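Note that the coordinates shown come from a computational prediction; the quantities given were computed from them, not determined experimentally. Each chain gets a letter, A, B and so on, in the order the sequences are listed, and its residues count up from 1.
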There are 2 protein chains.
Amino acid sequence: MVQIYPGTHAVPYENIDLTGGFWYEKQKLVREVSMQNVYRRFAQTGRFDAFRYQWREGMPNRPHIYWDSDVAKWMEAAAYYCKKQRDAELEAIIDDIVEEIAKNRSEDGYFNSYFGHLEPENRFTRRNDHELYCAGHLLEAAIAYRDATGKGKFLSLMIDYIDLIYRVFYVEKSAPFTSPGHEEIELALVKLYRATGERKYLDLALYFVEQRGTPVKEDVPGMIHGIAIQDHLPIREQKTAEGHAVRACYLYSAVADLALETGDETLFDTAKTLFDNIVRRRMYVTGAIGQTCVGEMFMGDYDLPNQSAYAETCANLSLALFARRMSVLDPDAVYADTAERVLFNSFLSGMSLDGRAFFYSNMQENDRTVKTRSYNSRHTLFTPDDTRVEVFQCSCCPPNVIRTIASIADFQYTADEDTIWMHQYFASAAHIGDKTVTVETAYPYDGCVKILYHGSAGKLALRIPGWCREYSLSIGGKMVTPQVKRGYAYLSVTGGDEILFRMEMPVRFVEAHPLVWDDAGRVAVTRGPLVYCMEGCDNAYPLRDIRLSESSDWRMVMDEALGVPVLETDGCVRHWNDNYLYGDCAALEICRVKMIPYFAFANRGSSDMVIWVLKL
Amino acid sequence: MVQIYPGTHAVPYENIDLTGGFWYEKQKLVREVSMQNVYRRFAQTGRFDAFRYQWREGMPNRPHIYWDSDVAKWMEAAAYYCKKQRDAELEAIIDDIVEEIAKNRSEDGYFNSYFGHLEPENRFTRRNDHELYCAGHLLEAAIAYRDATGKGKFLSLMIDYIDLIYRVFYVEKSAPFTSPGHEEIELALVKLYRATGERKYLDLALYFVEQRGTPVKEDVPGMIHGIAIQDHLPIREQKTAEGHAVRACYLYSAVADLALETGDETLFDTAKTLFDNIVRRRMYVTGAIGQTCVGEMFMGDYDLPNQSAYAETCANLSLALFARRMSVLDPDAVYADTAERVLFNSFLSGMSLDGRAFFYSNMQENDRTVKTRSYNSRHTLFTPDDTRVEVFQCSCCPPNVIRTIASIADFQYTADEDTIWMHQYFASAAHIGDKTVTVETAYPYDGCVKILYHGSAGKLALRIPGWCREYSLSIGGKMVTPQVKRGYAYLSVTGGDEILFRMEMPVRFVEAHPLVWDDAGRVAVTRGPLVYCMEGCDNAYPLRDIRLSESSDWRMVMDEALGVPVLETDGCVRHWNDNYLYGDCAALEICRVKMIPYFAFANRGSSDMVIWVLKL
């Protein structure tokens with residue numbers, strides 16, 4: 001059994017300043033464009049007004065059960081930006097919402113802009129109606145806002161509410177269900193425990209997690225149970241990732257948090273087993289999860305169809321959040337590899353390059369003829385939209401993307417007394433205890449990372465990415481051959497050391513397990529952490545028929561229109577006589593091929609797209 | 001423009017005796033097993049009893065609108081067998097049904113065991129309820145039975161009925177629709193014209209065909225129009241095969257028949273355009289058509305998904321029937337190539353090897369994990385059943401298979417005064433005018449065909465199959481190099497000539513057009529006219545990941561359990577570490593591979609199946 005590392009902790013984003021490069025630019029874009037745009041669309045659709053409890057029958061924009069969580073994630077993102085730079089405008093918006101919560105909440109502390117206002121008599125009765133999920137997101141926002149501004153009112157209101165939840169669910173057990181229909185509050189409760197030191201919040205989180213898969217108290221109409229919400233087995237008996245993928249990974253994140261806080265190795269084993277099942281059996285090469293639109297759920301092992309992939313942005317992100325928590329528990333690079341795979345690919349694809357529009361589902365292939373097939377409603381082959389939109393009815397993803405980019409540095413480090421683990425290569429300056437670590441890099445487009453270390457002597461553990469086959473390391477200009485353990489190179493460092501970590505970053509073909517039918521005979525083209533794809537608008541050939549060679553001449557060139565470096569090479573296509581549908585094996589002819597990072601697809605209108613290409 | 005050949009006619013099955021070999025054995029099996037089995041299941045389900053008009057509310061087996069056609073096709077098959085060998089038992093069954101028709105039909109000649117008995121007031125009001133389709137099939141059976149036995153009562157009754165239809169639809173135009181919802185009667189009417197010489201039946205057939213795509217007379221609830229039933233455009237403006245595939249090819253068959261009988265070249269052009277659209281754009285490599293379960297319809301060009309293929313047995317057969325008619329009009333081998341492709345593959349797959357059970361849909365690939373995917377009813381990915389059954393609720397296919405096998409020799413020849421075209425290589429003895437042609441061959445497993453010609457000097461045109469790349473021809477032991485025109489080798493022959501036609505029959509890889517996404521990078525393994533497939537029960541590897549080479553050592557061996565020759569070779573699969581879902585390109589290792597003819601798949605229980613394999 002893997003030992004849970006004692007004393008390891010995450011280094012929070014607040015200790016780290018991004019100083020340039022890939023994520024710095026994304027943070028800037030989100031601050032300048034996405035924050036405003038999501039705010040504007042949420043305001044237009046009544047999501048902020050819902051907090052005023054003033055909607056009346058006949059008015060537009062009837063409040064919805066999950067709107068609180070949408071606004072909460074936007075506030076959380078705002079708080080992260082305020083932490084780095086106080087912002088009167090953002091704070092005014094949040095302070096106003098906090099005042100509305102204070103004014104409209106029930107006497108006992110309850111607040112929900114749908115139930116509290118429109119169906120107060122039904123609060124805590126409908127398991128699937130996202131009440132505890134909304135409470136969890138509001139709590140996360142309140143903690144972030146207190147940390148960012150020192151203003152305690154929001155958190156104080158939320159603590160009142162959480163105390164009510166503690167009483168109803170943990171002390172009185174008076175609700176007809178004993179754990180949330182949509183998990184989220186569990187991990188928020190751990191955050192509250194960490195923020196307050198109050199053990200009761202950890203107890204409640206653990207209670208909710210341990211209630212999963214226990215017999216139902218009362219069968220209320222509309223109540224959901226079972227595998228779709230990870231309620232099919234007690235948590236420690238769950239061995240495969242099942243059901244709604246977002247709910248699943250939020251739950252598993254809480255399990256990881258609880259393993260860390262309680263030292264319960266059975267919880268760690270559970271989290272590790274579930275994590276392995278995902279990354280070894282149920283994850284697209286882009287890090288996307290939740291294969292089917294039906295219930296937004298996981299499907300079986302190796303069942304990873306590309307055309308009908310659901311791969312919700314929130315689901316993909318939730319895997320990164322789960323992976324980040326596992327990195328704290330267990331110094332194995334597989335976790336940070338997975339977080340990286342998600343962040344640079346199927347998480348980032350969730351947002352347009354201009355920061356304005358978002359995907360709910362993230363296509364893993366786009367054969368536009370499929371959309372025109374004559375399937376009717378009884379026989380739908382689900383295909384996600386291939387155009388990002390500014391807001392959707394269920395708009396969980398846009399604010400989830402922005403809060404994550406605002407706090408992206410959370411993914412960079414963990415540390416214990418002796419060792420700093422550098423999981424991600426972001427250009428940044430970090431303060432970790434009495435040490436400072438500065439990183440300069442053009443990652444992910446270049447594999448060279450320059451690190452300056454200051455502070456007392458210790459260990460620096462650098463992740464050798466799973467994609468990396470060749471690298472060199474030097475300290476102060478002197479090549480070193482470090483001990484590598486479970487994907488980390490452990491360096492002994494002292495103050496003033498300059499470390500140069502050079503990862504070779506050629507184009508690399510990746511294959512999928514032979515049981516993945518859709519990908520058999522095909523390869524994903526990768527370079528560093530990026531998965532590349534072909535779009536129809538760049539390539540005048542049938543995309544699925546293009547053959548590529550790993551060893552051919554690959555050129556990385558800046559695509560000015562797209563604003564990202566892209567790959568160009570020569571491939572082959574078949575020379576075919578259109579009079580024949582079937583014929584002898586055709587001769588190949590050379591064709592120019594352009595591939596772009598997967599995260600950049602669908603930014604130039606609707607177009608065919610392929611990740612898995614034929615190998616020459 | 002291709003000229004319609006004057007004076008060319010089909011040589012009917014009755015002039016040809018199969019003397020052994022592939023189809024002889026199938027005919028024997030159908031006579032000994034399938035005829036009885038289909039009869040028994042139809043009797044058990046009340047299909048024969050329906051002709052007695054004695055069903056009453058509360059009784060089991062309520063008559064159904066299309067049951068007459070099921071029984072009609074069984075009777076037609078029985079008639080074909082009786083033509084070769086009178087059979088008191090079969091005739092007694094048919095004579096009994098004929099008596100019931102005589103007893104129960106309306107005074108004006110109308111007969112339909114559903115409408116005539118249960119809803120007489122609604123006859124000729126519901127376009128989609130298969131009345132004219134049933135009439136067409138009964139008419140075909142009646143003609144075949146008169147020809148086989150000389151007994152005229154059945155045909156006489158049907159002529160009364162057809163005369164009523166002529167009056168209602170052609171003279172009075174009193175029905176609320178002007179052409180059938182399910183085409184079939186059109187081609188039956190041409191048969192009646194040929195059997196009686198009465199021009200009115202040809203007029204009615206032409207009228208029905210020319211009414212398609214004309215404005216609707218009355219919009220009656222439940223009436224269907226439009227593309228699903230080829231009613232979207234006037235027939236001569238239809239350029240692509242659309243809608244319900246069986247209806248489509250029955251209609252196109254009638255168009256071809258009418259082109260022949262009327263000499264109308266615009267009808268020939270229409271038929272040719274539609275035929276080309278199917279075989280160049282919308283047909284599986286097995287000859288299967290009708291890609292989608294939705295409306296049992298054609299989908300767009302090159303949109304040929306394997307896993308969700310519908311490919312109804314009747315649809316596949318209807319393409320062969322259409323192709324056979326085109327062979328009479330136009331001496332191009334593409335038609336007989338297509339008929340052959342269908343007959344040996346997706347038509348024959350419709351029946352189990354033991355002759356007892358049938359497929360409605362014919363899978364083009366079977367990944368059994370797809371069936372266990374958590375698609376719900378709103379998001380179904382259609383996958384056909386992978387087990388044949390003895391009878392289905394909509395049991396059009398079983399009697400369609402048996403009537404076709406009973407009269408399979410219809411496909412072998414066409415002739416005019418000078419020339420005999422040999423389209424198919426069946427071991428047989430044929431009488432064509434004053435000539436006799438005898439064929440000995442072990443086709444389709446062996447490409448050697450020995451032909452004995454007797455009678456006056458003339459031309460013998462042998463089809464060089466589209467799959468054939470090398471062949472030799474000799475007459476009386478002397479090699480000849482004949483003129484080859486549009487796929488036929490034209491030989492001058494005189495009485496007593498012995499012709500030896502040797503087609504080389506190696507394993508041959510076939511590719512699909514680059515726009516067929518599902519097949520890109522893959523090949524279909526063929527040998528002669530047979531398409532082969534891999535089944536999971538024969539191959540202990542992930543089928544979609546097996547790589548094969550055309551030039552490797554292919555061995556044809558008899559599979560005793562299956563009773564058919566199969567192919568064995570060495571292929572490659574990837575050596576993979578199961579701990580990884582994605583990884584570096586893996587080394588290949590040799591594996592033994594067994595492939596069986598596609599028509600023989602699914603005879604050993606449920607199993608994965610793949611036609612399109614990776615090319616090494």
Report which part of [X] has an atom under 4.5 Å of a heavy atom belonging to chain B: side chain, backbone, both, or neither.
X: A:Trp517; value: both
X: A:Gln291; value: neither
X: A:Tyr541; value: neither
X: A:Arg282; value: backbone
X: A:Asp578; value: both
X: A:Val279; value: backbone

> Closest heavy-atom contact between A:Pro514 and B:Pro542?
Replying inline: O-CB, 3.6 Å

> What's the shortest heavy-atom distance between B:Asp584 and A:Glu511, and which atoms?
Replying inline: O-OE1, 4.2 Å

> Checking heavy atoms, do the side chain of B:Asn306, its backbone, both or neither come under 4.5 Å from chain A?
Replying inline: neither

>> Within a 6.0 Å radius of atom CZ on B:Phe509, are there more than 12 heavy atoms belonging to other residues, nucleotides or ligands?
In response: yes

> Roughly how far, to the nearest 0.5 Å, is SG of B:Cys585 from NZ of A:Lys615?
Replying inline: 4.0 Å

> Quick one: CG on A:Asp367 to CG on B:Leu515, what's the gap to the nearest 0.5 Å?
Replying inline: 9.5 Å

>> Holding to side-chain hydrogen bond (donor to acceptor under 3.5 Å, both in side chains), I want the full list of residues that pass it with B:Glu340, two or more places apart in sequence or in another chain.
In response: B:Tyr443, B:Arg463, B:Trp467

>> Looking only at heavy atoms and a cut-off of under 4.5 Å, which of A:Ala512, A:Gly300, A:Ala586, A:Gly466 has the most pairs with chain B?
In response: A:Ala512

> Between A:Asp519, A:Leu614, A:Asn579, A:Asn577, which residue shows the highest count of heavy-atom pairs closer than 4.5 Å to chain B?
Replying inline: A:Asn579

Listing, residues 520-534 of chain A side-chain donor-acceptor contacts under 3.5 Å, not counting sequence neighbours, or none:
{"unit_1": "A:Arg522", "atom_1": "NH1", "unit_2": "A:Arg544", "atom_2": "O", "d": "3.3"}
{"unit_1": "A:Arg522", "atom_1": "NH1", "unit_2": "A:Trp612", "atom_2": "O", "d": "3.0"}
{"unit_1": "A:Arg522", "atom_1": "NH2", "unit_2": "A:Arg544", "atom_2": "O", "d": "2.9"}
{"unit_1": "A:Arg522", "atom_1": "NH2", "unit_2": "B:Ala520", "atom_2": "O", "d": "3.2"}
{"unit_1": "A:Thr526", "atom_1": "OG1", "unit_2": "A:Arg508", "atom_2": "O", "d": "2.8"}
{"unit_1": "A:Arg527", "atom_1": "NE", "unit_2": "A:Met505", "atom_2": "O", "d": "3.1"}
{"unit_1": "A:Arg527", "atom_1": "NH1", "unit_2": "A:Tyr445", "atom_2": "O", "d": "2.7"}
{"unit_1": "A:Arg527", "atom_1": "NH2", "unit_2": "A:Tyr445", "atom_2": "O", "d": "3.1"}

>> Quick one: does any side-chain atom of B:Tyr582 pair with a main-chain N or O of A:Met283 as donor and acceptor, under 3.5 Å?
In response: yes

